[in-house]
2 protein chains.
Amino acid sequence: MIAAPEKNNEIIEANDQISSNHLKLIDATIETIAARGLADTTIAHVAKKAGVSQGYANFKFKSKENLLLSSLQYLSDEYKSSWQSIFEEKNLDPIDRILRILDNDFSEKIANRNKISVWMAFYSEVKFRPSYLNICQHQDEIYSNQMEKLIKELNHLTKQTNFTPKEISESYHSMVDGLWQRILFDPKIYTNQFCRNIVLKYFKSIYVDEKRFS
Amino acid sequence: MIAAPEKNNEIIEANDQISSNHLKLIDATIETIAARGLADTTIAHVAKKAGVSQGYANFKFKSKENLLLSSLQYLSDEYKSSWQSIFEEKNLDPIDRILRILDNDFSEKIANRNKISVWMAFYSEVKFRPSYLNICQHQDEIYSNQMEKLIKELNHLTKQTNFTPKEISESYHSMVDGLWQRILFDPKIYTNQFCRNIVLKYFKSIYVDEKRFS
DNA sequence: AGTTTTGTATTGAATAATCATTCAATATGG
DNA sequence: CCATATTGAATGATTATTCAATACAAAACT
């Protein structure tokens with residue numbers, strides 16, 4: 001990670017010298033998208049929220065597109081680091097690690113309506129802006145692979161050998177995405193607790209004898 | 001349904017007299033959103049694709065917003081009628097009915113990239129346009145309730161009595177939504193067959209002894 | 001210390017492009 | 001000839017982008 005510099009050079013100039021205005025603008029972008037939707041997010045709104053002039057925002061990021069891209073990258077990095085640290089933790093039983101991942105995926109920090117609405121906004125444009133896809137896809141793959149490995153470690157707990165670790169990992173991932181979407185739809189019903197519980201029961205149905213999934 | 005007239009009057013004038021241009025425009029709207037994304041969909045594009053003038057499109061639907069709304073309604077109705085007919089079918093064993101629903105949810109007609117990208121486009125704006133939400137939410141509820149009833153009929157097939165029908169129905173629904181999203185992301189991996197299979201294995205993990213889920 | 005110079009950071013008004021919406025004019029068919 | 005359907009050019013609003021002007025701060029010089 002430190003040895004190999006990431007080649008994001010088109011999106012943010014250099015990691016070592018991100019100005020405070022840079023961050024203020026990215027924050028303001030995310031807040032604006034969450035508050036008004038991507039379609040209604042203008043440079044003027046973002047600049048105002050960040051407390052800088054409109055011209056400045058454009059000058060710093062070269063274009064609105066680039067500002068949006070940088071904001072998505074920021075969000076994506078934030079999510080990554082939250083699960084990365086769980087995967088890297090030592091001396092953790094596989095079951096407990098999965099429980100930690102589940103907690104993280106439905107924590108207030110990650111699964112709140114503002115962040116989800118920003119994710120959705122970008123996701124919905126993925127088919128038309130390959131650059132959006134690039135930012136998410138790579139991390140997604142790493143996450144899926146690590147999850148798959150983790151589930152392999154639980155193989156002995158279930159007799160359903162035809163439900164492969166890859167498939168279990170995919171279905172977990174899909175279910176989480178779907179539940180996030182539903183939090184946006186109907187937050188009264190789909191509280192974080194409710195969603196977490198649904199996934200927990202799903203695990204329970206696979207690993208019937210594991211008490212910690214109850 | 002027939003006795004009580006639905007109060008959609010703001011969106012499409014009257015069911016009995018939808019002109020062919022009306023439908024052409026709705027089709028063109030869906031195609032345009034699928035091809036260019038909601039953000040890049042202009043009345044001019046839609047009108048051109050529909051083969052009418054720009055002014056006409058606006059005149060007929062009163063506003064762009066209304067055209068979008070009508071298109072979402074159309075899509076929503078289309079989906080509804082496809083699962084509705086499965087629920088209404090007589091002399092169908094619960095398992096077979098679920099299999100039919102699963103087939104439908106990952107059929108080419110329903111789960112293709114164009115339609116999914118239109119759904120996503122609207123979903124992502126749901127937080128900011130209550131009218132979008134209204135169109136989807138009601139049907140969603142009916143679908144969920146019917147699914148829940150269906151799953152209740154399978155209660156005797158599983159020993160996992162703490163995974164309630166409602167929860168199973170919710171998790172199915174979420175998983176489908178999540179998989180649709182992934183079809184958009186990476187259609188090479190997430191083929192309809194692949195997705196259907198994931199959900200099938202999920203059912204298998206709950207109803208272990210039911211051979212038809214294998 | 002105070003003044004001038006120089007380079008950078010920031011502004012905000014002007015520009016140009018895009019688009020929804022309007023409506024007077026025209027076509028169409030009964 | 002009338003009524004209705006349809007056109008497409010004009011309008012006005014919105015908004016990303018540009019850039020000359022200005023603020024600011026740090027050196028450089030007296």
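The chains referred to below are lettered A, B, ... by the order of the sequence lines, with proteins before strands, and numbering in each begins at 1. Scope of the values below: all heavy atoms of this structure, side chains included, with no hydrogens, waters or symmetry mates. As the structure is a prediction and not an experimental result, all values here were calculated from the model.
For the pair K201(A) (side chain) and T164(B) (backbone), a donor-acceptor distance under 3.5 Å is absent. Side-chain N or O atoms of R196(A) include none that pairs as donor or acceptor with a backbone N or O of L102(A) at under 3.5 Å.
Ring to ring, Y172(A) and F203(A) are close: their centroids are under 6.0 angstrom apart.
A donor atom on one side chain and an acceptor atom on the other are found under 3.5 Å apart for Q73(B) and D77(B).
Distances shown here put every side-chain N or O of N21(B) at or beyond 4.0 Å from the OP1 or OP2 atom of dA5(D).
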So E78(B) and K115(B), salt bridge (Lys or Arg N to Asp or Glu O under 4.0 Å) or not? Walk me through it. CA-CA 11 Å; E78(B) 183 195 48; K115(B) 298 240 170 98; 3.4 Å; yes
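Distance NZ (K48(B)) to P (dG8(D)): 13 Å, rounded to an integer number of Å.
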Per-nucleotide protein contact along nucleotides 25-30 of chain C, 5' to 3', at a 4.0 Å heavy-atom cut-off (B base, S sugar-phosphate only, - neither), is ------
Letter by letter from the 5' end, nucleotides 16-23 of chain C scores (B base, S sugar-phosphate only, - none; protein heavy atoms under 4.0 Å) ---SBBB-
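Classified by interplanar angle (parallel below 30°, tilted 30° to 60°, perpendicular above 60°), the ring pair Y79(A)/W83(A) is perpendicular.
Heavy-atom minimum distance, M175(A) versus V199(A): SD-CG2, 4.2 Å.
In this structure, I198(A) and R182(A) have side chains that are not in contact, with every pair of non-hydrogen atoms separated by 4.5 Å or more.
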